[in-house]
Amino acid sequence: MNLNQKAAPIQIALDGTPASGKSTVGTMLADRLACDFLDTGLMYRAMTYLALENSLSLDDSDALGVLAEATSFSVHQGPESSWRLMVNDRDISNRLHSEDINRDVSQVAAVPQVRRALVRKQREIASQRSTVMAGQDIGTVVLVNAPVKIYLNASVATRAARRTRDTSGNSEGHRYEVVLSSIKRRSEFDTNRVDSALRPADDAIVIATDDLTADEVVEKVLSYISTKLNRTGNLGMTGKRTA
């Protein structure tokens with residue numbers, strides 16, 4: 001199935017809790033569907049990285065908003081089909097999972113000025129080519145008209161175990177207990193933030209990934225897409241986009 005052969009770009013929204021498998025599943029889906037992949041969480045991590053790099057106060061919402069507006073983003077496929085985030089024409093993907101960023105990213109991501117700027121940039125990216133877009137507000141805010149919306153979840157224990165084993169997500173090699181505490185803190189913050197709180201879209205299919213491999217999750221999503229294609233004949237966009 002090649003979505004980039006369609007006349008108009010197709011958008012697939014992939015939301016979920018931290019370490020529920022969004023990046024792994026999203027990358028595999030993009031490969032199977034021959035479309036692009038964007039992990040929007042990396043954009044918020046990049047903003048946190050840039051804020052720290054420029055010694056900005058994380059309490060200065062206006063300064064963070066200005067920085068977000070001035071920052072350019074794009075994606076490209078790197079070695080072994082990995083998707084890389086380009087930030088101001090720099091590939092800083094390998095620098096975005098330090099403990100400093102893990103600690104501060106939820107605070108930066110909750111700044112309304114930052115979210116507004118990045119949502120516009122995310123929509124621009126999705127308008128150019130068929131895209132699997134992963135994040136926490138894709139189906140509810142960024143791509144509300146996406147014809148396919150998926151929400152991944154898993155228990156906090158499962159997610160902490162996955163993140164502990166993930167050499168990129170846990171680049172500093174923290175013990176399970178430390179990772180568990182970090183994920184609990186982030187999940188509570190993300191679920192309760194005022195702007196774009198983490199939740200499934202009303203029309204999303206929710207998949208619990210605790211007892212599933214990434215391949216099994218991908219097959220479930222592809223089966224859903226195939227069923228929808230057979231039922232509707234297309235994955236066309238309908239409705240109006242909201243701000």
Side-chain angles (χ1 to χ4, degrees), residues 3-4 6 8-18 20 22-27 29-30 33 35-51 61 64-78 82-93 96 101 105-152 186 190 193-201 203-204 235 237-243:
L3 297 187
N4 269 321
K6 302 288 184 179
I10 299 299
Q11 301 167 348
I12 295 179
L14 179 63
D15 289 304
T17 50
S20 57
K22 299 187 299 294
S23 297
T24 300
V25 169
T27 299
L29 270 177
L33 298 171
C35 59
D36 291 355
F37 174 66
L38 171 62
D39 179 355
T40 61
L42 290 181
M43 295 175 72
Y44 290 100
R45 286 178 173 273
M47 291 309 308
T48 307
Y49 175 87
L50 293 176
S61 299
L64 291 173
V66 169
L67 180 64
E69 290 285 0
T71 303
S72 65
F73 297 93
S74 62
V75 295
H76 77 94
Q77 198 164 19
S82 64
W83 285 92
R84 314 292 293 181
L85 179 68
M86 303 298 293
V87 182
N88 295 330
D89 296 322
R90 289 194 295 163
D91 183 353
I92 59 173
S93 304
L96 300 181
I101 294 178
V105 63
S106 289
Q107 181 178 350
V108 173
V111 175
Q113 295 94 320
V114 172
R115 297 201 75 86
R116 285 195 295 269
L118 265 56
V119 164
R120 286 196 297 273
K121 295 172 189 289
Q122 290 157 10
R123 288 173 176 167
E124 289 171 5
I125 291 172
S127 71
Q128 296 167 8
R129 288 173 56 83
S130 292
T131 301
V132 176
M133 186 175 292
Q136 295 188 344
D137 63 346
I138 310 306
T140 55
V141 176
V142 183
L143 303 177
V144 294
N145 294 323
V148 176
K149 297 179 182 179
I150 314 296
Y151 187 91
L152 304 184
R186 277 196 59 203
D190 295 342
R193 65 178 173 237
V194 175
D195 195 347
S196 304
L198 171 62
R199 65 174 180 82
D203 52 346
L235 291 176
M237 308 276 286
T238 60
K240 296 181 180 179
R241 174 177 285 163
T242 60

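Reckoned from all heavy atoms, side chains included, excluding hydrogens, waters and symmetry mates.
Residues Tyr44 and Leu118 are in side-chain contact: their nearest non-hydrogen atoms beyond the backbone lie under 4.5 Å apart. Contact annotation: the side chain of Thr71 approaches that of Asn88 to within less than 4.5 Å [non-hydrogen atoms, C-beta and beyond]. In this structure the side chain of Val87 reaches within 4.5 angstrom of the side chain of Phe73, judged on heavy atoms. Side-chain contact between Arg199 and Thr140 is present, with heavy atoms from C-beta onward closer than 4.5 Å. Taking the side chain as every heavy atom from C-beta outward, Ile12 and Leu33 approach each other to under 4.5 Å. Counting only heavy atoms from C-beta outward, the side chains of Arg90 and Leu50 approach each other to under 4.5 Å. With a 4.5 Å cut-off on side-chain heavy atoms, Pro147 and Ile10 count as touching. Using a 4.5 Å heavy-atom cutoff, the side chains of Val66 and Glu69 are not in contact.
Taking both residues in full, the closest heavy atoms of Met86 and Asp89 are given as CE-O, 3.5 Å, listed atom of the first, atom of the second, then distance. Counting all heavy atoms, side chain and backbone alike, Leu96 lies closest to Ile101 at O-CG2, 3.5 Å. Scanning all heavy atoms of the two residues, the minimum distance from Gly65 to Gln113 falls at CA-CB, 3.6 Å. In this structure, Leu64 and Ala51 approach most closely via the heavy-atom pair CD2-CB, 3.6 Å. Here the shortest heavy-atom pairing between Met133 and Ala126 reads CE-CB, 3.7 Å. Of all non-hydrogen atoms in Asp36 and Trp83, the two that sit nearest each other are OD1-CH2, 3.3 Å.
The distance from the OG atom of Ser20 to the CD atom of Gln136 is 8.5 Å, given to the nearest 0.5 Å. Atoms OG and CD, on Ser61 and Gln107 in that order, are 8.5 Å from each other to the nearest 0.5 Å. Distance check: Lys121 NZ to Glu124 CD gives 6.5 Å after rounding to the nearest 0.5 Å. Note that CD of Gln122 and CE of Met43 are 4.5 Å apart. Values are rounded to the nearest 0.5 Å.
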Could you walk me through whether Ser82 and Thr27 satisfy the side-chain contact (heavy atoms from CB on, under 4.5 Å) test, starting with their C-alpha distance in whole Å, then the side-chain angles of each, then the deciding distance to 0.1 Å, before giving a yes or no? CA-CA 7 Å; Ser82 64; Thr27 299; over 6 Å; no

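In this structure, Thr131 contributes its side chain and Phe37 its backbone to no donor-acceptor pair below 3.5 Å. A distance-only check finds no donor-acceptor pair linking the side chain of Arg115 to the backbone of Ala110 [under 3.5 Å]. A donor-acceptor distance shorter than 3.5 angstrom exists from the side chain of Ser93 to the backbone of Leu85, with no hydrogens or angles considered. Remark: the backbone N or O of Gly139 is paired with a side-chain donor or acceptor of Lys149 at under 3.5 angstrom. With hydrogens and angles ignored, the 3.5 Å screen pairs a side-chain donor or acceptor of Asp15 with a backbone N or O of Asp137.
Taking the salt bridge (Lys or Arg N to Asp or Glu O under 4.0 Å) definition, one finds that Arg116 meets it with nothing, sequence neighbours left out.
For the side chain to side chain contact (heavy atoms under 4.5 Å, CB included) test with Leu14, the passing option among Leu38, Ile138, Leu152 is Leu152; the others fail.
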